[in-house]
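Read through the structure below, which is laid out as structure tokens, and then see the notes.
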Amino acid sequence: MLIINANLITLGADPQILSDQALYIEGDRITAIGERADLAARYPAAEVLDARGQIVMPGGICAHTHFYGAYARGMAIPGPAPRDFPQILERLWWPLDKALDKSSVRASALVCLVDAIKHGTTSLIDHHASSNFIEGSLDVIGAAVDAAGLRAVLCYEVTDRDGCDKMRAGIDENLRFMAAASDHPRLKGTFGLHASLTLGDESLRACADAIPSGAGFHIHVAEHEADQGDSLVKSGLNVVERLDRFGIMNQRTIAAHCVHIEAHERDILLDRGVWASHQPRSNMNNGVGAADIDGLLEAGIKLCLGNDGFSNNMWAEWKAAYLLHKVVNRDPRRADGMNIARMAWDNNARLMEQFFPASPIGEISEGALADLIFVDYQPFTPLTAGNLPWHLLFGFEASMITTTICAGKILMRDRQILTLDEAEIAAEALELAPKVWETYTRNAEFELQ
């Protein structure tokens, strides 16, 4: 495929803005960048895709999400509103994951994947839970990702809250899927854990003993003070210290949130090479506080950007991160635009490359994976590599995304999704929703008793 009439934003280590360029894609990779006439002469038989002067740039990447949360949209929580994050877990998320079956897991994944394609998010790292449908759940999600044509890393959250048998089933599901997806070009597995506060020592040891050599974990860390309090009661250690004692903290591990970690825990994350992820919209919604993202980045932590199950509009996440820390700290210097960019395009890409190491991701360069979006953005002030983060923060909107390409395949063209039937998927999800909500409500009302 030959893309012509493109204004390129390359991202990568040395971002460049290149006008009126052409890209040649062979298979799932970018193999040539240059002038249209030159590439057309070199590849005369190529299918031509005209960008019509739009910006062509790498697709978005989400470092932490939850597809299964889709059915929470518009759902009423029985009883008084939860007063804090532990109550949100107990009265919203845990009763909801118990309400999911094979059909609703599939539907929740598909609606999120439609959302990702429309918002130009081509790579996602998902963290799944469905305690009454564990075995095979990651296959169902993986099949949905495969049909969508997107790139994803999947895991199942191991937890003690549903008993030992289901804890063991969660371990088995992670191991099985990690092996099953090992050769897939767009799917990979990692080992999911819920959080220190729902895992006892025996379970942490079982997970640490089970994980294959060289693999990492994906776990929520100190999202709320309750996680730290629980860890201190169980072990006399802070969360990161406790997890590190079991070998959970390593250079392939993703520690989501890290809102309430202390300085010595940050040092452990740095020493072990752990990846952290920041989810500002979720943190605001749950009222859990704001992580010290400037301090984490300054310390050298590999801090990424996720959405925690909010919409897959990652530019909305950029904007939320940019604004949240200014107001929390009452300091407009916080969360500098370049720091937001470091998380969202640099660190996210390097994290995804841990799972897909064969080629660069998140950049336009020869040999990089062809995960691309077209953006109908017409700047009315100069757009340069130096001011790009602020154009993205103040000018770019997801509504401007017209075309999404992943692994060299067009998933959406001129705002029409080609790989999935959006209307059919929405109708199927809507048909399943009453049963999911009914089961959820029973589960949630039981928690109130």
Side-chain angles (χ1 to χ4, degrees), residues 60-66 85 123-127 153 155 157 190-197 215-225 227-228 231 237-244 246-284 286 288-310 314 317-318 320-322 324-325 328 334-336 338-355 362:
I61 298 171
C62 176
H64 175 76
T65 192
H66 299 283
F85 184 59
S123 295
L124 307 105
I125 301 180
D126 185 62
H127 194 275
V153 179
C155 68
E157 63 159 52
T190 188
F191 199 114
L193 302 173
H194 174 247
S196 173
L197 63 84
F217 295 89
H218 186 178
I219 181 170
H220 301 96
V221 171
E223 186 172 359
H224 183 272
E225 295 93 336
D227 201 15
Q228 292 287 22
S231 182
L237 302 170
N238 286 81
V239 170
V240 173
E241 293 176 291
R242 178 176 184 244
L243 297 174
D244 190 49
F246 290 92
I248 303 298
M249 297 286 120
N250 68 48
Q251 62 186 2
R252 295 289 295 275
T253 289
I254 303 166
H257 300 293
C258 297
V259 176
H260 296 284
I261 63 171
E262 298 182 4
H264 66 282
E265 294 178 279
R266 183 189 65 196
D267 293 340
I268 293 172
L269 297 180
L270 182 62
D271 290 343
R272 302 293 184 264
V274 173
W275 302 82
S277 69
H278 179 46
Q279 290 71 227
R281 287 187 291 173
S282 171
N283 293 163
M284 289 188 284
N286 290 326
V288 298
D292 178 17
I293 67 169
D294 292 311
L296 291 170
L297 288 168
E298 185 178 351
I301 301 297
K302 299 178 293 188
L303 183 61
C304 302
L305 194 68
N307 65 34
D308 209 31
F310 268 67
M314 290 306 294
E317 212 70 50
W318 283 52
Y322 183 76
L324 167 63
H325 301 278
V328 165
R334 294 298 187 103
D336 176 79
M338 197 60 78
N339 277 346
I340 303 301
R342 282 174 60 194
M343 290 193 295
W345 84 47
D346 192 12
N347 290 348
N348 274 14
R350 302 294 80 76
L351 171 57
M352 194 58 64
E353 287 172 0
Q354 301 299 301
F355 300 97

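- Residues Ile61 and Gly362 approach most closely at CD1-CA, 4.5 Å, considering heavy atoms.
- A distance of 5.0 Å separates CG in Leu269 from CD1 in Ile301, rounded to the nearest 0.5 Å.
- In this structure a side-chain-to-backbone donor-acceptor pair under 3.5 Å is missing from Glu157 to Cys155.
- Although no hydrogens or angles enter the test, the distance criterion places a donor-acceptor pair under 3.5 Å between the side chain of Asn348 and the main chain of Leu305.
- Side-chain atoms of Val153 and Ile254, non-hydrogen and from C-beta on, never get closer than 4.5 Å to each other.
- Relative to the six-membered ring of Tyr322, Arg334 misses at least one condition, a distance below 6.0 Å or an angle of at most 45° to the axis.
- Nearest approach of Asp227 to His220, heavy atoms of both residues: OD2-O, 4.0 Å.
- Side-chain atoms of Trp275 do not come within 3.5 Å of backbone N or O of Leu303 as any donor-acceptor pair.
- Between Leu324 and Pro280, the shortest heavy-atom distance links the atoms CD2-CB, 4.0 Å.
- Judged by distance alone, with hydrogens and angles left aside, the side-chain atoms of Lys302 form no donor-acceptor pair with the main-chain N or O of Ala276 at under 3.5 Å.
- Residue Met314 holds its CE atom at 8.5 Å from OG1 of Thr65, rounded to the nearest 0.5 Å.
- At distances below 3.5 Å, at least one donor-acceptor pair connects side-chain atoms of Arg252 with backbone N or O atoms of Gln354.
- When side chains are defined from C-beta on, Val288 counts as touching His224, because their heavy atoms get closer than 4.5 Å.
- Of the N and O atoms on the side chains of Arg242 and Ser231, not one donor lies less than 3.5 Å from an acceptor on the other residue.
- Nearest heavy atom pair, residue Thr253 against residue Val274, reads O-CG1, 3.5 Å.
- Looking only at atom types and distance, the side chain of Asp308 has a donor-acceptor partner in the side chain of His66 under 3.5 Å away.
- With His278 as reference, His325 is the one residue of Glu317, His64, His325, His257 to meet the side chain to side chain donor-acceptor pair (under 3.5 Å) rule.
- Contact of the Thr190 side chain with the Phe217 side chain is not registered, since no non-hydrogen atoms from C-beta on lie closer than 4.5 Å.
- Looking only at side-chain heavy atoms (C-beta outward), Phe191 and His218 stay at 4.5 Å or farther from each other.
- Residues Gln228 and Val239 approach most closely at OE1-N, 2.9 Å, considering heavy atoms.
- Residues satisfying the side-chain contact (heavy atoms from CB on, under 4.5 Å) criterion with Glu262, sequence neighbours excluded, are Asn238, His264, Glu265.
- The salt bridge (Lys or Arg N to Asp or Glu O under 4.0 Å) check on Arg342 picks up nothing, with sequence neighbours excluded.
- A donor-acceptor pair is defined here as one N or O able to donate and one able to accept, closer than 3.5 Å; no such pair exists between the side chain of Asn347 and the backbone of Cys304.
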### Message
side chain to side chain contact (heavy atoms under 4.5 Å, CB included) for His260 and Val221? Distances and angles first, verdict last.
### Response
CA-CA 8 Å; His260 296 284; Val221 171; over 6 Å; no
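- Taking all atoms of both residues into account, the shortest heavy-atom contact from Leu243 to Ser196 is CD2-CB, 4.3 Å.
- Partners of Asp346 according to the salt bridge (Lys or Arg N to Asp or Glu O under 4.0 Å) rule, which considers only residues two or more places apart in sequence or in another chain, are Arg350.
- Note: Glu241 CD to Phe246 CZ = 13.0 Å, rounded to the nearest 0.5 Å.
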### Task
Walk me through it: do His127 and His194 pass the test ring pair (Phe, Tyr, Trp, His ring centres under 6.0 Å)?
CA-CA 9 Å; His127 194 275; His194 174 247; 7.3 Å; no
### Task
Please step through side chain to side chain contact (heavy atoms under 4.5 Å, CB included) for the pair Val259 and Asp292, ending with a clear verdict.
CA-CA 7 Å; Val259 176; Asp292 178 17; over 6 Å; no
### Task
Step by step, work out the side chain to side chain contact (heavy atoms under 4.5 Å, CB included) result for Ile293 and Asn339.
CA-CA 9 Å; Ile293 67 169; Asn339 277 346; 6.0 Å; no
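- Side-chain contact between Ser282 and Glu223 is present, with at least one heavy-atom pair separated by less than 4.5 Å.
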